[in-house]
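Here the structure is a predicted model, which means the values were calculated and not measured.
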Amino acid sequence: MTVYAQAGHGKSDRIIRGLTDGSINGVIWSPKDEFTHSMHVDIRGYKTRFPNSIMLFDPQFYSTVLGGTKDRCLRHYPYWRTLTRSYFNNSANLRTSVQETLDYQLTLNVDRLLSPSIEIDSFGSANCNISLSLANESIRYHQELSSTNLALPPLLVSLIISEACLSSPSNFNSFLDDISIMPSVGFYLIVHRDDSRYQARFDPNALENLLYLVYVLAEINSYEVICGYSDFVGTLLCAVGAKAIGTGWFSNLRQFTVDRFLPSTPKRQARPRYSSQPLMNSLLLDEMDTINRQGQLQSILSGTIYDTVFNTVPNPSDAPWVIDESTLHHWFVLQGLTTLAPSGTVQDNLNICIGMISNAQAIYNNLRRIMSLNVYSGDHHLQQWETAISNFRNRVNI
Amino acid sequence: MPAPQISAEDVARILPDLQNVQFLAQGGQKTVFSCEIEGEPLVIKFLLVEESASCNGQSATQVADRLSEVTSRALREINTMEQIDIPMLVKLGPIRLTPIVINGQQLIYYTEEKINGKDLKTLFNERGVLTIDEIKCLGCDIVTAIDNLWQIKRIHRDIKPGNIMLRNDIGRFVLLDMGMVFDLGDISLTPPPIIMGTLGYHSPEQLTYEGRRSLGFRSDLFSLGVVLYESSTGINPFTCNCSNNEEIMSNTQRLNPQRPSLIRSEIPDSLDEIVLRMLSKQPHLRYNSCDELINRLQSI
C-alpha cells in the first residue's frame, strides 16, 4: 500500500530519508508552508532524485474562505486570495479560480493536478454546490487543456468534508450519485475532524460513511482515491479501496482541522509519542516506561528499524526519540498496517483489519491489568472502528 | 391521448406511394403499420394530435398542453433517431414528421426502418429464457445503445422486452421506441405526477419525484438489468407474485432479487454479479461507465 508524506512546516530532511528508505512513496505538498520558489525547486529536485515517487500539490484552496487565516506563504501563490462564499455566485469568478489553481500546478512537476475546493459542511448545502461546481469546472478546464497538452497530468477532484456532515449525512446518496459519474481519474479526500486534538478515535457513524464513500468511489467506480491527513484510520480506508493515505510529522498533519490555518497562541511542545503497530495507536513514552517495567514492552513494539533505540536504555523515555526518527518510524508503521492482503478483496482486507483490531484489543486487555492509559492512548478507537466496519459490511452486504 | 382509429385501407388510400400497408400494432398513443416505399420495408407510425372526444372534461389549456406534448415528444423521438446511426438503435425512415387528417382526426405520422425479427417478449413466450451467449450479446448491444443515447444526453426511460428486437439478418439486438426519451438539455415534457415507462422495468429513481429530476443513464442500466434478469431466469424479479401496482413499485425500490443462478444453475457467477450490480437500488452502486460494463459482459 502507499503512504504519502503530508508536508508541512519544518520538513528538514525527513522527506528525503522517507523516500530513500521506502517508508513513504510520495509527498503531498503544502503551499502554506513553502514559498513559491522553494516549492518549484523542491518538487523538481525530489522528482529528479526519486523518479518513481508521486508528487502532489494540495492547493489548500479551502483556506481562501476561512477568513482571518494564518496564511503564511499562501498569499504568495497566484491563485490564492481571501474570498467570501458570494464570490462563487459569479460563474466567471469560479472559472477564474479553477484556471488559476490548475495553471499554477502546471508549472510544477506534479503527477496529478488537484482541483480547488471548499469545505462541504452538509450534502446539498450551498457550500456543497460550490464544491461540485468547482469540481465540474475543473474537469471541463482539464479536458480543454488535454486537447493541446498531451503530457497533462491526470486530474484528481478534491473534496473536503466535515466530520459532522459524515455523521448525519442527509442527501448523501444524491451526492454520491453526482460525484460517482465525474469524468476524472480520481479524488483527493480530506475529512475535517471535529476535534483538533490528535487521536485515533472516530465517530462510528462518520467512519462508516467515510468507508462507504471511499468504497463507492474506489472499489465500485474504479477511481483512484487518495485520502489526505489520514493516520491510523487510513488502514481501514486502504482496506476498502483507497490507493494511498497522507500523513505528516506533526499531529496537525496527521488529521485535518482548520486550526492549522487560523491564528493561534503558542502551544507547549507535544510530549513525544510512539506509534505502535500492534495497538494501531500511539502511546506516550512515559506510558511505555510503565509497560517496560511490567515486562510487556515487546507486545507493543512495532518492529521497525527505529525500535532499536529502546534496546540501549533502561527506560523508553530515556531514548533519543526525536521528531525525525519518530516520523520515519510512524510512516513505516502505517506502511505495515496498510499493506493488507496482496490483491485481496475488500472482504479479505476487512477480515485482516478485524484480526488486527482483535489482536490490539487483547494487548490492551493485558495493559489494562497493569496501568491506566491516557485517553488518547487507550483502546476506545478499536470499538468504534469495529462498529463502523460491521455497519459498513451490513450496508454493502460483504 | 388515445391511439388513432385508422385502418390499413385508410393509410393506403391517403398515402398512395406506400405499398403493402399492413396493420402491425396499436398501443400507447400510436397506431403502427408495416409498408414499403420503393421496395424498402418500413413501419409507419400515426399519432393523434386532435380529437374532440378525447378532450372531454379537460380545460382548453389542458388540451393545448396535451397536443403540444404529443408533437414535442414525436419531434424529440425523431431528433434522437436522426442523431444516432448504429444498428442497435432503430433508424428513422424517409418520411419525417408530417401532419395529416384521416377520418376527421388530426394526426401526425413518420416512418422508421422495419426490423426483420422478433421482439424479446415474443422470444420469452416461445423459449422462456435466452442462451448465455444471447444474454451477453443482448447486454452488449443495448448498453451500446444506452451509451450512444447518453452521449447526446438522452435517457430512453422505457427499456423492456417489448421494446427490444433481435434482428434476424445479423443476429443483433436493437432498441426501439424513443417515444419516452428524456432530454437533459431540454424542458421536461412530462407533468410531475406522471411516471413515464413501464411498471416492473422502472428504476427506483424513476419512481420518486427527486429521482426523476436527476435521471442519468444508470437508470436505463437498471431497466436493462431487469431485462437481463428475465432473459436469464424467465422471471421479472419485481413483478412475479405481485397482486397490485403498489407492490411492484415497492419491490422495485426495496426488494433485492436473489441470484439468477439460484433459479437457473447454468448462469455463471460473473453474469450473476453483473446483473445484480445493474439492479443496485442506488445509481452510484451500478456501473458508471458503459465501456466497463461491456468489457465485463464480454469477459463472461
Side-chain angles (χ1 to χ4, degrees), chain A residues 120 123-125 128-129 132-133 135-136 139-140 143 154-157 159 161 166 169-187 189 208-225 240-241 345-347 392-398, chain B residues 143 146-147 149-151 153-155 182 184-185 203-222 225 252-259 262 269-270 272-296 299:
Chain A
I120 296 171
F123 300 116
S125 67
C128 182
N129 290 336
L132 291 177
S133 297
N136 285 319
I139 289 167
R140 190 206 62 75
Q143 286 170 343
L155 177 74
L156 297 181
V157 167
L159 294 174
I161 303 171
L166 285 170
S170 57
N171 301 315
F172 188 35
N173 283 328
S174 166
F175 174 77
L176 287 170
D177 291 344
D178 286 342
I179 63 170
S180 62
I181 208 167
M182 286 182 170
S184 69
V185 74
F187 292 85
L189 298 182
E208 178 201 336
N209 288 317
L210 179 58
L211 292 174
Y212 186 71
L213 170 64
V214 173
Y215 171 79
V216 164
L217 294 177
E219 182 71 12
I220 297 295
N221 291 297
S222 305
Y223 288 108
E224 176 180 307
V225 177
V240 296
T345 62
V346 169
Q347 193 170 19
F392 166 77
R393 291 181 104 152
N394 287 337
R395 184 167 175 177
V396 298
N397 199 24
I398 56 172
Chain B
V143 173
I146 291 169
D147 192 25
L149 286 169
W150 183 243
Q151 283 171 26
K153 294 289 174 236
R154 308 229 168 146
I155 304 153
F182 180 66
L184 266 67
S203 65
E205 58 268 30
Q206 277 181 284
L207 299 176
T208 66
Y209 175 61
E210 281 299 314
R212 284 199 294 280
R213 289 171 60 203
S214 55
L215 283 185
F217 74 95
R218 292 177 292 191
S219 172
D220 280 347
L221 292 187
F222 183 96
T252 300
Q253 291 179 303
R254 282 177 270 281
L255 178 79
N256 289 316
Q258 61 178 324
R259 297 177 81 84
L262 294 176
D269 287 349
S270 51
D272 265 356
E273 281 158 22
I274 290 169
V275 172
L276 292 181
R277 184 162 159 193
M278 292 171 78
L279 293 177
S280 297
K281 303 302 179 200
Q282 301 294 343
H284 59 255
L285 292 173
R286 298 176 207 145
Y287 293 89
N288 72 348
S289 146
C290 288
D291 287 344
E292 187 199 347
L293 176 50
I294 289 170
N295 286 339
R296 296 279 174 102
S299 66

> Counting only heavy atoms not in A:N394, do more than 12 sit closer than 6.0 Å to its CG atom?
Replying inline: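 Yes, CG of A:N394 has more than 12 neighbouring heavy atoms, counting only those of other groups under 6.0 Å.
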>> Let's test your reading of the structure: which of A:N397, A:I220, A:V216 forms the most heavy-atom pairs below 4.5 Å with chain B?
In response: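 Heavy-atom pairs under 4.5 Å are most numerous for A:I220.
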> Most heavy-atom pairs under 4.5 angstrom with chain B, which of A:I179, A:L217, A:N221?
Replying inline: A:N221
> What part of A:Y212 lies closer than 4.5 angstrom to a heavy atom of chain B: side chain, backbone, both or neither?
Replying inline: side chain
> Relative to chain B, which segment of A:S174 carries a heavy atom at a distance below 4.5 Å: side chain, backbone, both, or neither?
Replying inline: neither
> By side chain to side chain contact (heavy atoms under 4.5 Å, CB included), which residues pair with B:S280, not counting sequence neighbours?
Replying inline: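 B:S280: side chain to side chain contact (heavy atoms under 4.5 Å, CB included) contacts with B:R277, B:L285, B:R286.
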> Sequence neighbours excluded, which residues qualify as side chain to side chain contact (heavy atoms under 4.5 Å, CB included) partners of B:S270?
Replying inline: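 For B:S270, the residues satisfying side chain to side chain contact (heavy atoms under 4.5 Å, CB included) (neighbours in sequence not counted) are B:P268, B:I300.
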> When the ring centroid of A:F172 is compared with that of B:H284, is the distance short of 6.0 Å?
Replying inline: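 Distance test on ring centres: not under 6.0 Å, no.
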>> Which atoms of B:E292 are under 4.5 Å from chain A, going by heavy atoms: the side chain, the backbone, both sets, or neither?
In response: side chain
>> Keeping B:N288 on the side-chain end and A:S180 on the backbone end, is there a donor-acceptor pair under 3.5 Å?
In response: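 At least one qualifying donor-acceptor pair exists.
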>> Is the shortest side-chain heavy-atom distance between A:D177 and B:E205 below 4.5 Å?
In response: no
>> Taking the side chain as everything from C-beta on, heavy atoms only, tell me whether A:I181 gets closer than 4.5 Å to B:F217.
In response: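 With C-beta onward as the side chain, the pair touches.
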